[in-house]
Amino acid sequence: MRRLLRRLAIAVGILALLGSVGLIGGYLWISSTLPSITKLTEYDPKVPLRVYTADGQLAGEFGSERRLPLPPESIPQQLKQAFIAAEDASFFNHYGIDIRGIIRAIIADIQAGAFVQGASTITQQVARTFLLTRDRTIIRKLREMLLAFRIERNLNKQEILHLYLNQIYLGNGAYGVEAAAQRYYGKSATQLTLAEMAMLAGLPKAPAHYNPVRNPEQARERRNYV
């Protein structure tokens, strides 16, 4: 029995060692494939070409992405809080990923037998939006998580949130909160009511499904949740 236990302990030790080597090797390989985050630290958003009349009136816009970046101080605090409440309630308390959120999502997916709940933090969404594709693969998810850690080491929370709010896709060709506010409500993000802020904050989960123009009932339910 002692000999058997000794052999079993040796076997477990070898498997643990091989597993550790595999994890380290996988980490180093994925890390070597990560893109630079310079695109975030030197943010230069793509904006549409605008044509004005002689008296300064906007005559037209040309470009596939409607984006009107706002400086941090121009984004209303309640609008920031609405997006945090909807997308990442523990944003100011984690270091890029939300372990509890991941566990909740795994349990929900297992119970449903399908992918029904995500666990991406705002930092992970920034990594995916700026630097990665939207492929639903394990490798892409691992790269996203590692990039989130790297982003958190190089940018503070307010900088990350500012990038997110100016870049996130909110449906109808609108990227960022200012473009979305003008697209859906015909006014600046600084003029939105609390209900309108909550409506916009509900869009990132599924911009087409929660579009307030096409699906007002679903959009209203999502807004009320936010």
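Predicted model only: the values in this text are computed from it and were never measured. What you see below is based on every heavy atom in this structure, not just the backbone, and it leaves out hydrogens, waters and symmetry mates.
The main-chain N or O of R214 is found under 3.5 Å from a side-chain atom of N211 such that the two form a donor-acceptor pair. Under a 3.5 Å cut-off, the side chain of N215 and the backbone N or O of A208 do form a donor-acceptor pair. Between the T129 side chain and the I168 main chain, no donor and acceptor come within less than 3.5 Å of each other.
When all heavy atoms are compared, the tightest approach of A201 to A86 is O-CB, 3.5 Å. Pairing each heavy atom of T121 with each of G96, the nearest pair is OG1-O, 2.6 Å. Across all their heavy atoms, A180 and L200 have their closest contact at CB-CD2, 4.1 Å. What you find for S120 and E144 is that their closest heavy atoms are OG-OE2, 3.1 Å.
The salt bridge (charged side-chain N to carboxylate O under 4.0 Å, His left out) search around R220 returns E217, not counting sequence neighbours. A search for side-chain contact (heavy atoms from CB on, under 4.5 Å) contacts involving Y169 returns Y175, P207, not counting sequence neighbours. Listed by chain and residue number, R66, E178 satisfy the side-chain hydrogen bond (donor to acceptor under 3.5 Å, both in side chains) test with Q182 (two or more places apart in sequence, or in another chain). Residues meeting the salt bridge (charged side-chain N to carboxylate O under 4.0 Å, His left out) test with R183, sequence neighbours left out: none. For T41, the side-chain hydrogen bond (donor to acceptor under 3.5 Å, both in side chains) test picks out no residue, with sequence neighbours left out. Residues that satisfy the side-chain hydrogen bond (donor to acceptor under 3.5 Å, both in side chains) test with R223, not counting sequence neighbours, are absent from this structure. In terms of the side-chain contact (heavy atoms from CB on, under 4.5 Å) criterion, residue partners of A206 (sequence neighbours excluded) are, by chain and number, H209, Y210.
The structure places NZ of K141 at 9.5 Å from CD1 of I138, a figure rounded to the nearest 0.5 Å. Put simply, CZ on F92 and CD1 on I160 are 9.5 Å apart, with the number rounded to the nearest 0.5 Å. D98 contributes atom CG, which lies 10.5 Å from atom OG1 of T123 (distance to the nearest 0.5 angstrom). How far CG of L165 is from CD1 of I122: 7.0 Å, rounded to the nearest 0.5 Å. To the nearest 0.5 Å, atom CZ of residue R128 and atom CG of residue L147 are 11.5 Å apart. Distance check: R143 CZ to R150 CZ gives 10.0 Å after rounding to the nearest 0.5 Å.
Sorted by first and then second residue, the pairs that involve residues 151-173 and meet salt bridge (Lys or Arg N to Asp or Glu O under 4.0 Å), not counting sequence neighbours, are E152-K157. The ring pair (Phe, Tyr, Trp, His ring centres under 6.0 Å) pairs that include a residue from residues 124-166 are Y43-F130, where partners are two or more places apart or lie in different chains. Sequence neighbours left out, the pairs with a member in residues 77-90 that pass salt bridge (Lys or Arg N to Asp or Glu O under 4.0 Å) are E87-R222.
Applying the 4.5 Å side-chain rule to ILVMFWY residues, one finds Y225 in the same cluster as V226.
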For residues 189-199, run the donor-acceptor check on the side chains, cut-off 3.5 Å, and write out each pair with its distance to 0.1 Å, sequence neighbours left out.
unit_1, atom_1, unit_2, atom_2, d
T190, OG1, S188, OG, 3.1
Q191, OE1, S188, N, 3.1
T193, OG1, E196, N, 3.2
T193, OG1, E196, OE1, 3.4
E196, OE1, K187, NZ, 3.0
E196, OE1, T193, N, 2.9
E196, OE2, K187, NZ, 3.4

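Using a 4.5 Å cut-off on side-chain heavy atoms (C-beta onward), L131 and L40 make contact.
Neither side chain, R100 nor S90, offers a donor N or O lying under 3.5 Å from an acceptor on the other.
Within 6.0 Å of atom CZ in R140, more than 12 heavy atoms from other residues, nucleotides or ligands are found, so the atom counts as buried in its surroundings.
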